[in-house]
Engineer: 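First the structure, then my questions, so here it is.
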Amino acid sequence: MAQHNAFYAQSGGVTAVINASACGVIETCRRHSDKIGKVYAGHNGIIGALTEDLIDVSQESDEAIAALRHTPGGAFGSCRYKLKDIETHRAQYERLIEVFKAHDIRYFFYNGGGDSADTCLKVSQLSEKMGYPLTAIHVPKTVDNDLPITDNSPGFGSVAKYIATSTREAALDIASMCATSTKVFVLEVMGRHAGWIAAAGALAGNGEGEPPHLVIFPELPFQRARVMQRVDEAVKKYGYCVIVVSEGARYEDGTFLADAGNTDAFGHRQLGGVAPTLAGMVKQDLGYKYHWAVADYLQRAARHLASKTDVEQAYAVGQKAVELALEGKNAMMPTIKRVSETPYEWRIDAAPLAEVANKEKFMPRDYIREDGFGITEAGRRYLSPLIQGEDFPPFENGLPKVAKLDKVKVPRKLPDFEL
């Protein structure tokens, strides 16, 4: 097999372990240097390919690449940029192929969520139509845990661990102060359409009166009167109430509680803060003193509290992506298969991108308690293994060490391209 180059890029919101997947891809490519020459990374995701803004990863030391495994963020820069349909934006896809041809790139590894899976599939289809031999593999990543087929998505387990931990710690704070101060605490977590992260908050407690007292999922319609009644009951019974709410909480008609009135680069509605909205309702309807917090980037950047399971799975899907490509598989995505519940065991499989792209996986109804405000034992059995184990980064001067990359740019060979 002749030696050709590979392209790797990161897409969408980053996770605490997306760089562990990058590490898996790059280290596996290096182990197959007889087949894969250089690895180029797109600077700021797919935009790096379109603008021929490439980073020569082969210039990075083995130590720097190994350090990616414990470094949060997106080491090469990510982007929220979804390629449109091929018919109306064919020039963009043809540009990608031109760049790949110019740099002898025959392997395309795109690390992202559902929108990225769609892009990867389209690139694969067009390269075939244009007669360019490109092997395109999608590397799964999303904190939202909403990719289909795979048991769970790399990135989710670490967010789940962080949210469950933060819920437990904040609840102890509120419990200690509630007699004379704050009665209600609201924690807002990510999850636009799927309530997986909110569900993870429920792992913080598992007995009568243990917080969180309410979990609010986007899968179920928000009913203000019912929610306020439950908050009031918790305060009267336990002295305080802890709520974990998904950013995507919505009314029966589909309107988000915190719709900010505009859209992001992917066309998704921008959400403007459900925690203060819900806390305002508590104040207005019940008069209780409250505090609220938005986990926001902290939940997806908290590599210091990453789940060991998540780190290992993130690396494994990156490794498997390269192995699939070298086997001649195309338009595929590595998936995580749960082999055993007790003890928890998993393996890496693969699925065709056509079955993954533009599909979302929501919380099964049997994972949500009948009253809609917590998780069932089935939900707990699913979630619990994903937050197991610690994989602490090395620390220096009291702070976590992170990878330091040189990010040497590849000389351009083509004319500029306007996005």
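Everything numeric in this text was worked out from a predicted model, so none of it was measured.
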Engineer: In terms of side-chain geometry, is the basic nitrogen of D349 or K320 positioned less than 4.0 Å from the acidic oxygen of its partner?
Structural biologist: no
Engineer: Using a 4.5 Å cut-off on heavy atoms from C-beta on, say whether the side chain of V294 contacts that of D296.
Structural biologist: yes
Engineer: For the pair K329 and E323, find out whether any cationic side-chain nitrogen is under 4.0 Å from an anionic carboxylate oxygen.
Structural biologist: no
Engineer: Heavy atoms, side chains only, cut-off 4.5 Å: are V25 and Q319 in contact?
Structural biologist: no
Engineer: What closest approach, in Å, do S176 and D173 show between heavy atoms, and which atom pair accounts for it?
Structural biologist: OG-O, 2.6 Å
Engineer: Ignoring hydrogens and geometry, is there a side-chain-to-backbone donor-acceptor pair from R69 to G24 under 3.5 Å?
Structural biologist: no
Engineer: Is there side-chain contact between V227 and L214, with heavy atoms separated by less than 4.5 Å?
Structural biologist: yes
Engineer: Show, in sequence, the C-alpha distance, side-chain angles and deciding distance for M228 and V282, and conclude whether the side chain to side chain contact (heavy atoms under 4.5 Å, CB included) test is met.
Structural biologist: CA-CA 7 Å; M228 292 302 117; V282 168; 4.1 Å; yes
Engineer: Taking the ring of H103 and the ring of F7, is the distance between their centroids below 6.0 Å?
Structural biologist: no
Engineer: Salt bridge (Lys or Arg N to Asp or Glu O under 4.0 Å) between D371 and R230: does it pass, once the steps are laid out?
Structural biologist: CA-CA 10 Å; D371 67 4; R230 292 300 290 265; 3.1 Å; yes
Engineer: Donor-acceptor pair, Y110 side chain versus V123 backbone, under 3.5 Å?
Structural biologist: no
Engineer: Evaluate side chain to side chain contact (heavy atoms under 4.5 Å, CB included) for T182 paired with Y240, printing each intermediate quantity in order.
Structural biologist: CA-CA 8 Å; T182 304; Y240 68 109; over 6 Å; no
Engineer: Examine R303 relative to Y162 and say whether NZ or CZ is less than 6.0 Å from the centre of the six-membered ring and inside a 45° cone about the ring axis.
Structural biologist: no
Engineer: Within a reach of under 6.0 Å around CE of M177, are more than 12 heavy atoms found that belong to other residues, nucleotides or ligands?
Structural biologist: no
Engineer: Between N19 (side chain) and A75 (backbone), is there a donor-acceptor pair under 3.5 Å?
Structural biologist: yes
Engineer: Determine yes or no for a side-chain-to-main-chain donor-acceptor pair under 3.5 angstrom, with D118 supplying the side chain and N358 the backbone.
Structural biologist: no
Engineer: Strictly below 4.0 Å, N to O, side chains only: are D151 and R338 in salt-bridge contact?
Structural biologist: yes
Engineer: Where the side chain of T309 meets the backbone of Q388, is there a donor-acceptor pair that is under 3.5 Å apart?
Structural biologist: yes
Engineer: Measure from NZ or CZ of R224 to the centre of the six-membered ring of F222, then state whether that distance is under 6.0 Å and the direction lies within 45° of the axis.
Structural biologist: no
Engineer: Is any side-chain N of the basic residue among D104 and K38 closer than 4.0 Å to the acidic one's carboxylate O?
Structural biologist: no
Engineer: Does atom NZ (K308) have a neighbourhood of more than 12 heavy atoms from anything else shown, all under 6.0 Å?
Structural biologist: no
Engineer: Is there a donor-acceptor pair closer than 3.5 Å between any side-chain N or O of W196 and the backbone N or O of K361?
Structural biologist: yes
Engineer: Under 3.5 Å, side chain of T71 to main-chain N/O of A403, donor-acceptor pair present?
Structural biologist: yes
Engineer: Counting the benzene-type ring for Trp, do H4 and Y107 have ring centres under 6.0 Å apart?
Structural biologist: no
Engineer: Taking N44's backbone N and O only, do any of them form a donor-acceptor pair with S78's side chain (distance below 3.5 Å, no angle check)?
Structural biologist: no
Engineer: Working note: M363 + F217, criterion side chain to side chain contact (heavy atoms under 4.5 Å, CB included); need CA distance, chi angles, decisive distance, verdict.
Structural biologist: CA-CA 9 Å; M363 281 276 293; F217 302 95; 3.9 Å; yes
Engineer: Treating S158 as the side-chain partner and G155 as the backbone partner, does any N or O pair qualify as donor plus acceptor under 3.5 Å?
Structural biologist: no
Engineer: Assert yes or no for the condition that the ring centre distance of F109 to Y8 is strictly below 6.0 Å.
Structural biologist: no
Engineer: Indicate yes or no for a side-chain donor-acceptor contact from S246 to the backbone of P218 under 3.5 Å, with no hydrogens or angles considered.
Structural biologist: no
